[in-house]
Amino acid sequence: IEQPTFPKITEMCVKMIRRVNDEEGIKKLVNETFQKLWFTPTPHHDKEAMTRKILNITDVVAACRDTGYDWFEQLLQNLLKSEEDASYKPVKKACTQLVDNLVEHILKYEESLSDSDNKSVNSGRLVACITTLFLFSKIRPQLMVKHAMTMQPYLTTKCSTQNDFMVICNVAKILELVVPLMEHPSETFLATIEEDLMKLIIKYGMTVVQHCVSCLGAVVNKVTQNYKFVWACFNRYYGALSKLKSQHQEDPNSTILTANKPALLRSLFTVGALCRHFDFDQEDFKGNSKVNIKDKVLELLMYFTKHSDEEVQTKAIIGLGFAFIQHPSLMFEQEVKTLYNSILSDKNSSVNLKIQVLKNLQTYLQEEDTRMQQADRDWKKVAKQEDLKEMGDISSGMSSSIMQLYLKQVLEAFFHTQSSVRHFALNVIALTLNQGLIHPVQCVPYLIAMGTDPEPSMRNKADQQLVEIDKKYAGFIHMKAVAGMKMSYQVQQAINTCPKDPVRGFRHDESSNALCSHLYSMIRGNRQHRRAFLISLLNLFDDTAKTEVNMLLYIADNLACFPYQTQEEPLFIMHHIDITLSVSGSNLLQSFKESMMKDKKKERKPSSDEETESDTNSGSESESEEETSKPRRLRKRVDSDSDSDEENDINAVMKCLPENSAPLIEFANVSQGILLLLMLKQHLKNLCGFSDSKIQKYSPSESAKVYDKAINRKTGVHFHPKQTLDFLRSDMANSKITEEVKRSIVKQYLD
């Protein structure tokens with residue numbers, strides 16, 4: 001038993017099993033592999049093979065402790081479903097064998113826990129075995145019914161390590177699922193479970209309390225109806241809270257309150273947890289009393305959300321979240337709406353409180369989903385005696401109304417600096433969309449934005465949501481693509497830890513992929529949508545669009561790094577860059593020249609250079625003015641040595657600059673878009689190896705097939721628009737006009 005399985009085998013199993021929800025071919029392969037490996041009946045006499053199988057399964061379960069066990073549940077459901085209608089059920093038989101042998105192993109591990117040398121190894125294996133039994137119980141609780149009495153004593157495990165707590169929590173979760181299925185369990189057994197759970201609720205921390213109250217809920221509500229037992233426990237904590245509230249009202253700075261803080265935290269959490277699983281407004285609990293318990297609990301918990309201590313506030317919000325699962329209508333109360341929305345939308349509110357509000361919404365939606373699934377299963381059992389659609393509509397109607405209240409604030413949480421806030425906001429949105437509680441179009445730009453998150457798990461989740469929306473509603477992604485790109489820039493701004501560094505639009509890794517590459521890959525398949533999207537992005541560079549420079553840099557980065565596949569894609573962009581440059585670029589140069597001329601007309605002091613020029617040039621004054629404002633290399637000059645003399649060019653233009661520096665800064669700002677387009681065109685030309693003639697010959701009206709050839713990308717070609725990066729890093733738009741800044745702007749003009 002003690003021999004460990006090979007770590008390599010465990011690692012391979014973990015990698016394979018995580019593909020259980022992949023495309024059909026891979027899914028089928030995973031199911032077949034693990035059916036042969038784990039879920040094929042083992043001959044009764046082959047104890048060694050059974051032990052190897054148990055060790056392999058529990059090792060894989062232990063290895064996935066931090067990443068979750070969805071894969072195991074999915075695998076087991078797939079396999080059991082595949083043989084539902086078969087007369088011979090090998091998977092079911094294998095599961096029965098595995099469960100029986102896991103229980104045997106648990107007993108053996110417990111016996112060996114007294115051996116101090118292997119205590120930690122065996123303790124870890126015990127946890128892995130019990131966790132695996134819980135996973136089986138989740139999918140087929142009937143398999144554990146005969147072992148319920150064997151599991152019950154583990155509720156009295158003395159807790160000194162993390163593993164001990166995990167044993168208790170998993171045993172409570174198993175009993176919660178299994179006890180209601182037992183036929184005529186003994187009263188002593190049930191009474192012992194109730195007492196054990198109550199002792200644990202009173203003694204241990206949040207995780208244990210949560211699972212034990214949940215188990216107590218199943219035992220009391222479905223089996224014993226021992227409501228007085230629970231009512232006494234509720235009153236104990238409710239009474240303590242009421243007393244602490246009175247003391248706080250009398251003197252908020254009382255030392256008694258400081259001493260009683262642990263009792264306050266425990267009472268807030270436990271009252272909430274009990275309200276989640278028991279409806280204390282039922283007559284079974286409060287008898288003939290006319291007091292509305294849920295309103296009283298709401299009032300108490302709301303009082304402590306305004307406490308000065310953040311830990312107290314957090315526990316009060318956790319308690320509220322629990323109570324809302326039993327009574328969702330409380331979320332429509334004005335004070336609750338104000339509390340939730342102010343915490344989510346206020347930039348100065350605590351990160352912990354934001355996360356807790358999002359967790360509350362997430363847990364509510366998860367519970368609603370579980371309820372709906374259970375209602376679906378129950379309905380299937382009684383066939384068509386009830387109209388399930390109507391039943392579901394009432395519940396989902398409530399969830400939908402609730403999510404409409406908080407949707408905007410949850411979506412805005414995507415722009416938070418802390419990844420944990422973004423993580424829970426995305427979970428809430430994913431649950432909301434999966435349950436069809438809102439129209440998805442309003443979430444599309446936010447999901448596009450979250451698709452640029454630095455954390456792979458988050459961007460994959462956001463991308464997956466977009467794929468699902470695109471399947472159901474063709475055209476929605478394209479419709480909101482530009483808005484999504486702009487929002488993704490806002491997300492990147494929020495994440496940017498160094499404000500002095502400009503926000504970039506590609507990943508800072510070996511791939512240098514565009515942050516919005518998934519969005520582009522979704523749109524590029526439709527030529528009309530792709531072109532409209534690209535033109536919309538290029539239009540942002542127009543000087544009339546007044547787009548901020550860093551956003552233009554971000555969009556240019558994306559355009560430089562998008563996953564183009566055919567020659568048509570970059571050629572189309574370059575063609576439209578030329579059109580934009582011919583209009584915007586010319587206008588911009590003209591306005592710069594005019595600003596110099598206006599100033600010169602007011603007060604003109606000709607330099608020797610200009611005098612020479614006017615002697616050699618015949619023509620009107622305006623013509624000579626025009627000439628002077630051009631760089632030397634564009635003027636008709638005899639002295640060819642000065643053609644490449646950039647310094648002289650700069651000096652010549654510097655003399656013509658107006659005294660009022662506002663137009664200069666305006667020019668510097670507006671010209672960044674033009675410079676970025678010039679750089680982008682050059683980058684795409686280098687990247688794809690296009691010749692000037694190929695770019696010139698391209699026509700967007702040409703048949704698509706002409707430019708359908710794959711791009712032959714050059715390696716090591718990076719987009720680095722130095723001038724724009726310098727402009728942003730030096731914060732030129734807000735800097736004082738010095739000679740150095742003027743020279744920099746003139747250089748920009750000449751370029």
Side-chain angles (χ1 to χ4, degrees), residues 14 17-18 20-21 30-31 34-35 38-39 54 57-58 60-84 89 91-103 105-106 126-148 150-152 154-155 166-182 193 197 207-208 210-219 221-223 276-277 325 362-363 365-378 380-381 431 434:
V14 169
I17 211 161
R18 284 186 182 148
V20 74
N21 282 325
V30 171
N31 287 341
F34 285 97
Q35 182 164 359
W38 291 351
F39 298 107
I54 294 286
I57 293 174
T58 52
V60 173
V61 167
C64 295
R65 180 169 166 172
D66 297 328
T67 53
Y69 305 111
D70 291 351
W71 53 266
F72 189 93
E73 294 168 35
Q74 194 62 58
L75 178 70
L76 199 50
Q77 274 175 331
N78 291 349
L79 293 173
L80 288 166
K81 195 174 183 181
S82 67
E83 62 175 32
E84 263 177 2
K89 301 184 189 303
V91 176
K92 190 180 176 186
K93 187 179 177 185
C95 287
T96 307
Q97 280 185 340
L98 286 167
V99 166
D100 294 348
N101 278 275
L102 279 163
V103 173
H105 274 68
I106 285 172
L126 178 67
V127 171
C129 277
I130 291 178
T131 305
T132 311
L133 282 174
F134 163 62
L135 295 173
F136 275 109
S137 305
K138 260 185 110 169
I139 307 303
R140 280 288 186 277
Q142 296 86 350
L143 295 171
M144 278 296 291
V145 168
K146 64 179 177 182
H147 301 297
T150 310
M151 301 309 294
Q152 178 267 320
Y154 289 92
L155 287 176
M166 289 191 74
V167 166
I168 283 179
C169 290
N170 279 309
V171 169
K173 289 193 278 188
I174 291 168
L175 292 172
E176 178 182 343
L177 294 163
V178 172
V179 172
L181 301 179
M182 294 172 73
I193 286 182
L197 291 169
T207 311
V208 173
Q210 206 169 333
H211 292 304
C212 289
V213 171
S214 187
C215 182
L216 190 65
V219 173
N221 289 327
K222 295 176 183 177
V223 187
R276 174 178 179 171
H277 296 284
I325 290 167
Q362 176 183 305
T363 311
L365 291 169
Q366 286 167 336
E367 283 289 313
E368 277 302 303
D369 197 34
T370 308
R371 269 187 221 177
M372 292 296 290
Q373 286 176 13
Q374 187 57 50
D376 195 17
R377 284 193 292 271
D378 294 346
K380 280 174 181 168
K381 285 178 193 169
L431 284 163
N434 292 341

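Looking only at atom types and distance, the side chain of Asp100 has a donor-acceptor partner in the side chain of His147 under 3.5 Å away.
The CZ atom of Phe39 sits 5.0 Å away from the CG atom of Leu76 when rounded to the nearest 0.5 Å. Note: Ile174 CD1 to Met144 CE = 4.5 Å, rounded to the nearest 0.5 Å. Taking CD from Glu73 and CG from Asn78, the interatomic distance works out to 11.5 Å, rounded to the nearest 0.5 Å. Annotation: the span from Asp70 atom CG to Leu135 atom CG amounts to 10.0 Å, rounded to 0.5 Å. How far CG of Leu79 is from SG of Cys95: 8.0 Å, rounded to the nearest 0.5 Å. Taken to the nearest 0.5 Å, the CE atom of Met166 stands 5.0 Å off from the OG1 atom of Thr131.
When all heavy atoms of Ile325 and Glu367 are compared, the pair lying nearest together is CG2-CG, 3.8 Å. Val223 and Pro180 make their closest contact through CG2-CA, 3.8 Å (heavy atoms, listed as atom of the first residue, atom of the second, distance). Here the shortest heavy-atom pairing between Tyr69 and Val61 reads CE2-O, 3.2 Å.
Annotation: side chain of Phe72 is in contact with side chain of Ile57 (closest heavy-atom distance under 4.5 Å). Between Gln362 and Leu431 there is a side-chain heavy-atom pair separated by less than 4.5 Å. For the pair Leu175/Val219, no side-chain contact is recorded, criterion being any heavy-atom separation below 4.5 Å from C-beta on. Side-chain contact between Thr132 and Leu98: absent, with no pair of heavy atoms (C-beta onward) separated by less than 4.5 Å. At a threshold of 4.5 Å between non-hydrogen side-chain atoms, the residues Ser137 and Leu143 do not count as touching. Annotation: side chain of Arg140 is not in contact with side chain of Lys92 (no heavy-atom distance under 4.5 Å). Contact annotation: the side chain of Phe34 approaches that of Val30 to within less than 4.5 Å [non-hydrogen atoms, C-beta and beyond]. For the pair Cys169/Thr207, a side-chain contact is recorded, criterion being any heavy-atom separation below 4.5 Å from C-beta on.
Side-chain atoms of Asn170 never come within 3.5 Å of backbone atoms of Val127 as a donor-acceptor pair (strictly under, hydrogens ignored). When atom types are taken as modelled, the side chain of Glu83 and the backbone of Val91 share a donor-acceptor pair closer than 3.5 angstrom.
Test Thr58, Val103, Val178 against Leu133 for side chain to side chain contact (heavy atoms under 4.5 Å, CB included) and you get one pass: Val103.
Applying the salt bridge (Lys or Arg N to Asp or Glu O under 4.0 Å) rule to Lys89 yields no partners; only residues at least two apart in sequence or on another chain are considered. In this structure, Asp369 has no salt bridge (Lys or Arg N to Asp or Glu O under 4.0 Å) partners at least two apart in sequence or on a different chain.
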Worksheet item: Does the pair Lys173 and Glu176 meet the rule for a salt bridge (Lys or Arg N to Asp or Glu O under 4.0 Å), with working shown?
Response: CA-CA 5 Å; Lys173 289 193 278 188; Glu176 178 182 343; over 6 Å; no
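In this pair, Trp71 and Trp38 present their aromatic rings tilted. The plane angle is within the 30 to 60° band.
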